[in-house]
Amino acid sequence: MRHMRLTDWQKLPVSLTELCIDTTLRCGQSFRWRKSEEGEWSCSLNGRVLSLRQDQECLHYRAIFPAAAESLGAANTPLTPPPSVASTSFEPVLQDDEGTTALVKHYFNLAPNLTDLYEQWSSADANFKKKAPKFTGVRILRQDAWEALVGFICSSNNNIARISQMVEKLCIHYGPYLGDFDSKPYYDFPAPQALTGKEVEQHLRELGFGYRAKYLYQTALMVAGKEDDWLDNLRNPESPLLGQLAKSAGDMPEGGREGYRKAHEELLALQGVGPKVADCVCLMGLGWGEAVPVDTHVWQIAQRDYKFGKGKHSSLTKATYDAVGNKFRSLWGKEAGWAHSVLFTADLRAFSERLVAKIEVKEEFQDVKAELEGAAAEVETVVKSESAEQKRVKREFQEERSIVKIEEVVVKKRGGRQPGKRRRKA
DNA sequence: GGGGACCCTCGCGG
DNA sequence: ACCGCGAGGGTCC
């Protein structure tokens with residue numbers, strides 16, 4: 001076991017409309033972030049564990065580093081030396097923190113002004129204008145392309161909870177061990193080479209990956225067999241790797257820029273990568289803002305709000321897929337994929353933060369109950385008038401309820417008042 | 001280009 | 001209580 005070293009909290013001024021990590025880290029972009037009971041988000045990233053909190057004004061962050069970075073991957077890791085010795089053998093704290101600051105700014109893609117972009121998309125599209133206000137601060141992350149590729153190969157015909165578990169298993173079984181913190185082991189994301197062993201496919205099947213086991217193994221083989229920078233060479237030059245210089249990527253035709261189309265096409269050659277997964281990797285891993293992944297959710301949005309689903313585009317064929325992307329690109333422009341993610345998030349069932357936000361403001365359990373009764377009445381009327389939406393609304397409501405229950409537990413733990421009746425046997 | 005099959009897990013309705 | 005069924009950020013053949 002190797003202990004890890006914790007840096008001090010640092011902060012970056014960011015408003016919640018420019019970045020909301022509670023939304024952004026849960027909306028199915030990355031499947032690795034976890035939120036602790038204390039409300040702290042964490043994820044292993046670039047050889048460290050990054051932790052985050054956010055308040056009205058700032059994003060607060062700190063990192064946990066392996067105690068001896070130079071011995072990473074060594075078979076026989078030496079025991080951690082005593083602190084007096086240890087402090088001299090590491091990089092200086094200042095340097096670590098500098099690196100973490102740059103990583104945070106880079107990973108969260110903080111350069112574009114999201115408020116301005118929302119403004120543009122709203123003036124171009126009444127539907128966006130209607131839906132977006134409850135989902136501000138949804139920002140496309142600049143994830144590692146390989147990690148995005150793996151995550152989205154796992155995503156096919158799957159749900160976010162299971163995808164997250166699968167990705168975690170990959171890190172635990174194949175990722176580099178970073179060290180222990182609070183007597184828990186941490187692992188980074190595995191490189192392609194780590195998944196090329198002959199036994200990998202069978203092992204992943206045993207771990208519950210299903211048919212995606214083969215996709216991951218085959219894709220790892222293919223990527224590992226190419227040049228090391230193959231994937232990163234498909235990046236948008238306007239969105240380069242950390243520390244590299246940005247270059248223009250040209251004007252954008254309806255079908256997207258040349259570099260985007262090239263990247264998309266190359267990715268399609270990989271196992272388990274179809275048009276949707278390729279677009280996810282282009283958008284979230286390679287910095288192509290015009291990539292619009294069309295999945296079942298987006299397809300439903302396109303039918304419900306953008307007049308698809310009839311005539312030539314009655315089913316989601318490849319031609320329809322492209323038409324939906326083109327429609328959104330012509331509507332929202334070069335960052336169409338960013339706008340698409342806002343609407344996608346607004347449609348995600350897992351999102352019930354409207355209620356939770358109210359609870360936090362009120363802080364009173366009785367008020368929450370009143371809120372719930374009111375919500376219940378609302379739901380009933382909706383159900384009566386819109387039978388097509390009946391199931392969806394009901395389920396959404398039930399999920400909101402379950403979140404409220406979690407909040408109740410928190411209130412109780414804090415020594416708040418008891419709920420009284422309605423106690424269930426555990 | 002359409003339509004199954006595909007791994008697995010969970011929630012729902014009978 | 002048990003079971004069949006469909007859906008979950010699709011892709012392959």
Side-chain angles (χ1 to χ4, degrees), chain A residues 23-33 135 138 140-141 143 147-170 200-219 222 264-265 267-285 291-304 312-325 328 337-351 383 390-402:
Chain A
T23 315
T24 299
L25 298 180
R26 286 195 300 146
C27 71
Q29 286 194 57
S30 167
F31 304 101
R32 284 206 302 130
W33 289 90
F135 297 91
V138 178
I140 296 296
L141 303 169
Q143 298 182 66
E147 179 184 332
L149 177 57
V150 169
F152 288 107
I153 285 176
C154 292
S155 78
S156 77
N157 205 359
N158 205 348
N159 57 69
I160 291 181
R162 186 171 163 221
I163 301 164
S164 304
Q165 284 180 10
M166 287 163 63
V167 170
E168 184 167 25
K169 283 177 183 169
L170 275 182
V200 168
E201 180 180 342
Q202 179 56 33
H203 183 218
L204 291 181
R205 275 202 175 261
E206 287 159 11
L207 289 174
F209 281 63
Y211 59 80
R212 302 167 199 83
K214 184 157 97 183
Y215 295 164
L216 290 177
Y217 172 64
Q218 301 275 7
T219 289
M222 290 183 75
H264 193 268
E265 188 187 334
L267 289 168
L268 285 181
L270 301 172
Q271 287 297 303
V273 180
K276 188 269 175 183
V277 170
D279 271 326
C280 286
V281 177
C282 283
L283 176 64
M284 300 165 205
V292 177
V294 182
D295 55 39
T296 52
H297 279 279
V298 177
W299 175 231
Q300 280 170 25
I301 293 170
Q303 293 177 86
R304 189 189 62 207
K312 189 166 48 164
H313 298 308
S314 55
S315 68
L316 189 48
T317 61
K318 181 68 177 88
T320 304
Y321 184 100
D322 292 338
V324 172
F328 287 154
W338 290 50
H340 134 282
S341 292
V342 176
L343 293 192
F344 172 82
T345 303
D347 231 49
L348 260 190
R349 284 176 186 154
F351 275 91
V383 164
Q390 187 167 341
K391 275 194 167 176
R392 205 177 76 80
V393 172
K394 262 187 172 170
R395 287 181 59 142
E396 212 165 82
F397 174 66
Q398 277 163 1
E399 282 182 16
E400 289 184 352
R401 247 185 125 80
S402 68

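Only heavy atoms go into these numbers, but all of them, side chains included; no hydrogens, no water, no symmetry mates. Below, chains carry the letters A, B, ... as their sequence lines are ordered, and counting in each starts from 1.
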Under 4.0 angstrom, heavy atoms only, what part of the nucleic acid is A:V273 near: base, sugar-phosphate, or nothing?
sugar-phosphate

Just to be sure I understand the geometry, which residues of residues 156-163 of chain A put a non-hydrogen atom under 4.0 Å away from DNA chain B?
A:N157, A:R162

Taking atom P in both C:dG9 and B:dG3, compute the distance separating them and give it to the nearest angstrom.
24 Å

Please work out if A:V277 contacts a base, only the sugar-phosphate, or nothing of the nucleic acid, heavy-atom cut-off 4.0 Å.
sugar-phosphate

Those residues at least two apart in sequence (or on a different chain) that pass salt bridge (charged side-chain N to carboxylate O under 4.0 Å, His left out) with A:E265 are none

So which one's nearest nucleotide on DNA chain C is more toward 5', A:G272 or A:D295?
A:D295

Could you check whether A:F328 and A:H340 have their ring centres less than 6.0 Å apart?
no

Send over the distance from A:Q271 CD to C:dC12 C1', rounded to a whole Å.
8 Å

Whether the side chain of A:D347 engages the backbone of A:L343 through a donor-acceptor N/O pair (distance < 3.5 Å, no angle test) should be reported.
no

Value in whole Å for how far the P atom of C:dT11 lies from CD1 of A:I153:
10 Å

Would you indicate whether A:K214, at its atom NZ, is surrounded by more than 12 heavy atoms from other residues, nucleotides or ligands within a distance under 6.0 Å?
no

Answer yes or no: are there more than 12 heavy-atom neighbours, outside A:K318 itself, under 6.0 Å from its atom NZ?
yes

May I have the distance from A:L270 (atom CG) to C:dG10 (atom C1'), rounded to whole angstrom?
15 Å

Among C:dG9, B:dC7, B:dG2, find the nucleotide with the atom closest to the side chain of A:Y211.
B:dC7

Is there side-chain contact between A:Y211 and A:S156, with heavy atoms separated by less than 4.5 Å?
yes

What's the CG-C1' distance between A:L216 and B:dC7, to the nearest Å?
12 Å

A:R212 atom CZ is separated from C:dG9 atom P, nearest whole Å, by 11 Å

Assign A:C27 to base, sugar-phosphate, or nothing according to its heavy-atom contacts below 4.0 angstrom with the strands shown.
base

In the structure I gave you, are the side-chain heavy atoms of A:D295 and A:F344 within less than 4.5 Å of one another anywhere?
yes

Give one of base, sugar-phosphate or nothing for A:I301, where a contact means two heavy atoms less than 4.0 Å apart.
nothing

Taking the same atom, C1', in C:dC12 and in B:dG2, what whole-Å distance lies between them?
13 Å

Verify the contact: side-chain N or O of A:S155 to OP1 or OP2 of C:dG8, cut-off strictly under 4.0 Å; return yes or no.
no

Results of ring-ring contact (aromatic ring centres under 6.0 Å, His included) for A:W33 - residues two or more places apart only:
A:Y107

Pairs under 3.5 Å (Watson-Crick or G-U), crossing ones as [ ], inter-strand ones as |: DNA chain C comes out as .|||||||.||||

Rounded interatomic separation in angstrom, taking CG from A:L141 and C1' from C:dG9
15 Å

Without decimals, in angstroms, what is the distance between A:M284 CE and C:dG9 P?
13 Å

How far does the C1' atom of B:dC6 sit from the matching atom of C:dG8, given to the nearest Å?
14 Å

Could you check whether A:G210 gets within reach of a base, just the sugar-phosphate, or nothing at all, counting any heavy atom under 4.0 Å?
base

With heavy atoms under 4.0 Å as the rule, sort A:Q29 into base, sugar-phosphate or nothing.
base

Taking side-chain contact (heavy atoms from CB on, under 4.5 Å) as the definition, give me every residue that meets it alongside A:Y217, ordered by chain and number, with sequence neighbours left out.
A:V200, A:E201, A:L221

Taking the same atom, P, in B:dG4 and in C:dG6, what whole-Å distance lies between them?
13 Å

Taking only residues two or more places apart in sequence, or in another chain, which ones meet A:Q29 in a side-chain hydrogen bond (donor to acceptor under 3.5 Å, both in side chains)?
none

Please classify the nucleic acid contact of A:R205 as base, sugar-phosphate, or nothing, using heavy-atom distances under 4.0 Å.
sugar-phosphate

Heavy atoms, side chains only, cut-off 4.5 Å: are A:V292 and A:D279 in contact?
no

So what does A:G28 hit on the nucleic acid, given a heavy-atom distance under 4.0 Å: a base, only sugar-phosphate, or nothing?
base

Rounded to the nearest Å, what distance is computed from the CG atom of residue A:L316 to the P atom of nucleotide C:dA7?
15 Å

